[in-house]
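Below is one structure, written out as structure tokens; the observations come after it.
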Amino acid sequence: MSADHQRYDELAVGWALHALEPEDEAAFARHLSGCARCA
Amino acid sequence: MRVIMGAVTSPARRPDDASGDADVMRRIRAGDRTAVDDLYARFRRPAFALARRILADDSLAEDVLQEVFLSVWRDPAAFDRGRGSVASWLLAVVHHKAVDAVRREESQRRRQALAEDEMALDAPTATRDVEDDAWSRVVAEQVRTAMGALSQPQREALTLAYYGGYTQREVAALTGTPLGTVKTRMLSGMRRLKQELGGAARSGALGDVRSAEEPQR
């Protein structure tokens, strides 16, 4: 899962910095609710 | 040059903006007054966002912006091309002057508070404020030191996003870097920061420092 998750690790940083584009922000928000690693 | 900073939205910056920025700086050095207005048009949004973030006050932030652009006009040679983009330099100047403004405000408030509170009736509160201030300074110093451990591209990407208020795509355009590389840089930079700051070795998005090395592209 680590390789799959790299994308979300990257988005997590952008999320924390409020630096995501709207579509990335929406994608990460969907992912966040179902992911123990990110939450 | 004073402009009301209401709900300003300007289009996202384009990849060719970095060379455009350098041209504007050249014109300023050549004494072209209109170039200062151009520089202002290019940077007022992130510069104001940054100053307001630090000062938490719109009118103080506007004062800082005035001060910054005036200082660029007076001493354009302060920008050294060899040391990075115009964007990261200018935002560093904004950051510096905004922090100075915070300190001025604080010391003024403190003098005033001291005069009013000679009786020291609220000594516990004052002590707590001083401790909070001291703690904030310690943390800020640690973060500054840790930022120094990052590679220049990592530092630039994180600085533009955090202090500049740019999105990842805007950072990519500003620095002329592919978006994917910017994302990877921010992640590897944050992991490095965590390591430098002695973050607990816990799994999570910032958990594994080693896996975040930038791939060759």
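Please read all numbers here as calculations on a predicted model, not as lab measurements. In what follows, every chain begins at residue 1, and chains take the letters A, B, ... in the order their sequences are listed.
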One thing to verify: whether E10(A) and R185(B) come together as a salt bridge, which I'm taking to mean a side-chain N less than 4.0 angstrom from a carboxylate O. no

Report yes if some heavy atom in the side chain of T167(B) is under 4.5 Å from a heavy atom in the side chain of L20(A); otherwise report no. no

If you measure from CD on Q168(B) to CG on L17(A), what distance do you get to the nearest 0.5 Å? 8.0 Å

Test: D9(A) and R191(B) ion pair at under 4.0 Å: yes

Side chains of K183(B) and V13(A): closer than 4.5 Å at any heavy-atom pair? no

Quick one: pull up CD in E23(A) and CZ in R169(B) and give me the separation to the nearest 0.5 Å. 5.0 Å

Search all heavy atoms of E170(B) against all heavy atoms of E21(A) and return the closest pair with its distance. N-OE2, 4.2 Å

Of A36(A), A19(A), A16(A), the largest count of non-hydrogen pairs under 4.5 angstrom with chain B goes to A19(A)

Is chain A contacted by the side chain of M186(B), its backbone, both, or neither, given a heavy-atom distance below 4.5 Å? both

